Structures are given as C-alpha cells and as structure tokens.
Number of protein chains: 2
Amino acid sequence: MKKIEKRYFAACDCPITAAMDIIGGKWKHIIIWILMDEPKRFGELHKTIPGIALKVLSRQLKELEADGIIIREAFPQVPPKVVYSLSEKGRSLNDVMQSLASWSRANIMEPVIN
Amino acid sequence: MKKIEKRYFAACDCPITAAMDIIGGKWKHIIIWILMDEPKRFGELHKTIPGIALKVLSRQLKELEADGIIIREAFPQVPPKVVYSLSEKGRSLNDVMQSLASWSRANIMEPVIN
DNA sequence: CAGGATCCTAAACGATACTG
DNA sequence: CAGTATCGTTTAGGATCCTG
C-alpha cells in the first residue's frame, strides 16, 4: 500500500528510512508520544495536540493504523466513541522515542511558548 | 532563523519535535547517517545518495550546517573541493540514529531493491 | 462524537541548464 | 567540482462544511 510507494531508499544502505517513514512528518511522532502515555479518544487527541486539523489528525491516525503502530477501537454507541492505543509494534518504538526526546532536551534551547 | 518558524509544538509537552525538526524530511537522516561513517565531498554525497537532486542536496546541507549539525569546509583551489563532516553536535546524534536503525531493521520487511 | 468531503495553500521535491 | 538559477510537479498540511 502507501508505504511501498513511499520507500525510496532501500537502495542505499541507510536502514533508518523505514523508521523515519513511519514517525516522520509533522504530527506522527507527537501522536505516538501521546499514546505512549495512555490510550486516548479521537477528541482527546484533538484537544491534546493544539493546532492540528481534524482531517489531518484523522488521516495520520489511519496511516499509523495501516502501519500497524496503533489500534483503533470503535464502540458502537450513540454518540460514538473511538479509542486509539499503541499496538505491540507501536510500543516497541519506545526506545526510539526516548532517544529522540533525550537528544532534543539536551540540544534545544528554549521552546517557543505562546 | 528557519528553525524558529518551523517549531510549532513547543506548546504541547512533546520534546521530540526538536529532533524531528532536524533529522526529519526525506533526506536529512540519510545525509547524517552517511556522514556518521566519514566526511565526504559534495559529489561523493551526491553519488552515495541515489535519486537526490543537486539543488535539494545543496539546500539540505545548508540547513544542516545552519542547525550546527554538519561542518562545511571549502578548499580554495581549482577545481574546488568541499568537504562535509559532522560537528560535535552532529555526532551526538549517534545514539538516536542507532536507535532508529535498530528499530527499522527489526520491524521492516524486505527492502525494495531494484 | 467521530470523521468524511471538498477545496486550497505552502512548501518540499525534482530535472535541466548554466557558472565561477 | 560544487554548486546556483529557473521552472515545474507533488504532496503534506489546512479551513470549512457536512453527516451517521
């Protein structure tokens, strides 16, 4: 599916591209980071991530689900309730995320709070 | 400079964005990965990374230099010679890169060789 | 509440030609 | 050799409205 077309660099011996392909982009890593804490509903994610458009959040979630990183669980009730959580594979990204976080904290100056 | 405009998520408590901002994109992590091995000239990088356009490689290198990740050393001779290498800060990304690489190797199926 | 549909913008990416 | 200039393409990201 999607991933196949997007994986350009298997030719070079850079084994990082696969991971970057999954956590790359403007929001994916943030979503994963948040879900690493605990499962969340769609609306919660939307509120937790300031600035993300509904459609974008929706699509990112779908892509992460397609990549086997997160699990979407829909409860058939009115109003609807959908809970997103990390899969086993998603949770295996923890080391990567911690590594990224610790480098960020060590190397980045003051964040822009506003 | 550039980084400031591009850092959107300091508001959320996701400390990963800073690192993703630097190694994100389609090529940055590949360039860093290659330079992690040894310094390379512009043309070598171009040959080592199949598919990257000259203009794109050039701009990525400039951005990485601006972020303090790589060092550009130009030798004033004809024909010109320019060598790119990782700075101390760039080399400090090694843990992150190894972490990404090991996750990728563990989780990704067959790369598309062609 | 969770999101799909539609339309739009900005920016990333790319191919080719050219220059100091 | 190491790029820059120019132009074109692609796609991620976004605003708004609508629906089961």
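Order of the sequence lines sets the chain letters (A, B, ...), proteins ahead of strands, with each chain counted from 1. Only this structure's heavy atoms are used, side chains among them; waters, hydrogens and symmetry mates stay out. It should be emphasised that the depicted structure is a prediction, and the values quoted were computed from it without experimental measurement.
- Here A/Q60 lies in heavy-atom contact (under 4.0 Å) with sugar-phosphate atoms only.
- In the hydrophobic clustering, where aliphatic and aromatic side chains (Ile, Leu, Val, Met, Phe, Trp, Tyr) are joined below 4.5 Å either directly or transitively, A/V83 groups with A/F75.
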Quick one: side chains of residues 36-45 of chain A, donor-acceptor pairs under 3.5 Å with protein atoms, not counting sequence neighbours, listed by atom name and distance.
from  : atom 1 : to    : atom 2 : distance (Å)
A/E38 : OE2    : A/K40 : NZ     : 3.0
A/E44 : OE1    : A/R41 : N      : 2.7

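- When the C1' atom of C/dA12 is taken as reference, atom CG of B/L64 falls 15 Å away, rounded to whole Å.
- To the nearest angstrom, C1' of D/dA2 lies 15 Å from CD of B/E73.
- Of the inter-residue distances, the one linking B/I49 atom CD1 with B/Q60 atom CD reads 9.0 Å to the nearest 0.5 angstrom.
- Rounded to an integer number of Å, the gap from A/I52 CD1 to D/dT16 P is 16 Å.
- In this structure, the CG atom of A/L54 is 10 Å from the C1' atom of D/dT16, given to the nearest Å.
- In the hydrophobic clustering, where aliphatic and aromatic side chains (Ile, Leu, Val, Met, Phe, Trp, Tyr) are joined below 4.5 Å either directly or transitively, B/V78 stands alone.
- Regarding contacts with the backbone of D/dT4, a side-chain N or O of B/K62 is found under 4.0 angstrom from either OP1 or OP2.
- Atom CZ in B/R72 sits roughly 10 Å away from atom P in D/dA2 (whole-Å rounding).
- Contact check for B/M20 versus A/I23: side-chain heavy atoms found under the 4.5 Å cut-off.
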For nucleotides 7-10 of chain C, list the nitrogen or oxygen atoms of the protein found under 3.5 Å from its nitrogen or oxygen atoms, one pair per line.
from  : atom 1 : to    : atom 2 : distance (Å)
C/dC7 : N4     : A/K55 : NZ     : 3.3

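- One can place CD1 of B/I30 at 16 Å from P of C/dA12, the figure rounded to the nearest angstrom.
- Contacts of A/N94 classified as side-chain hydrogen bond (donor to acceptor under 3.5 Å, both in side chains), with partners at least two apart in sequence or in another chain: A/Q98.
- The shortest distance between the side-chain N/O atoms of A/S58 and the OP1/OP2 oxygens of C/dA2 is not below 4.0 Å.
- Here the nucleotide nearest the side chain of B/F42, chosen from C/dA12, D/dA12, D/dG3, is D/dG3.
- Put simply, CG on B/L61 is 8 Å from P on D/dG3, counting in whole angstrom units.
- D/dT16 atom P lies 12 Å from atom NE2 of A/H46, rounded to whole Å.
- Side-chain contact between A/I52 and A/H46 is present, with heavy atoms from C-beta onward closer than 4.5 Å.
- Near-neighbour residues of DNA chain D inside residues 75-85 of chain A, defined by a heavy atom below 4.0 Å, number-ordered: A/P80.
- Remark: B/R41 is not in phosphate contact with D/dC1, judged by side-chain N or O atoms under 4.0 Å from OP1 or OP2.
- Counting heavy atoms from C-beta outward, B/W103 and A/I22 have side chains that approach closer than 4.5 Å.
- Minimum interatomic distance between B/K89 and B/G68 (heavy atoms only, all atoms of both residues): CB-O, 3.6 Å.
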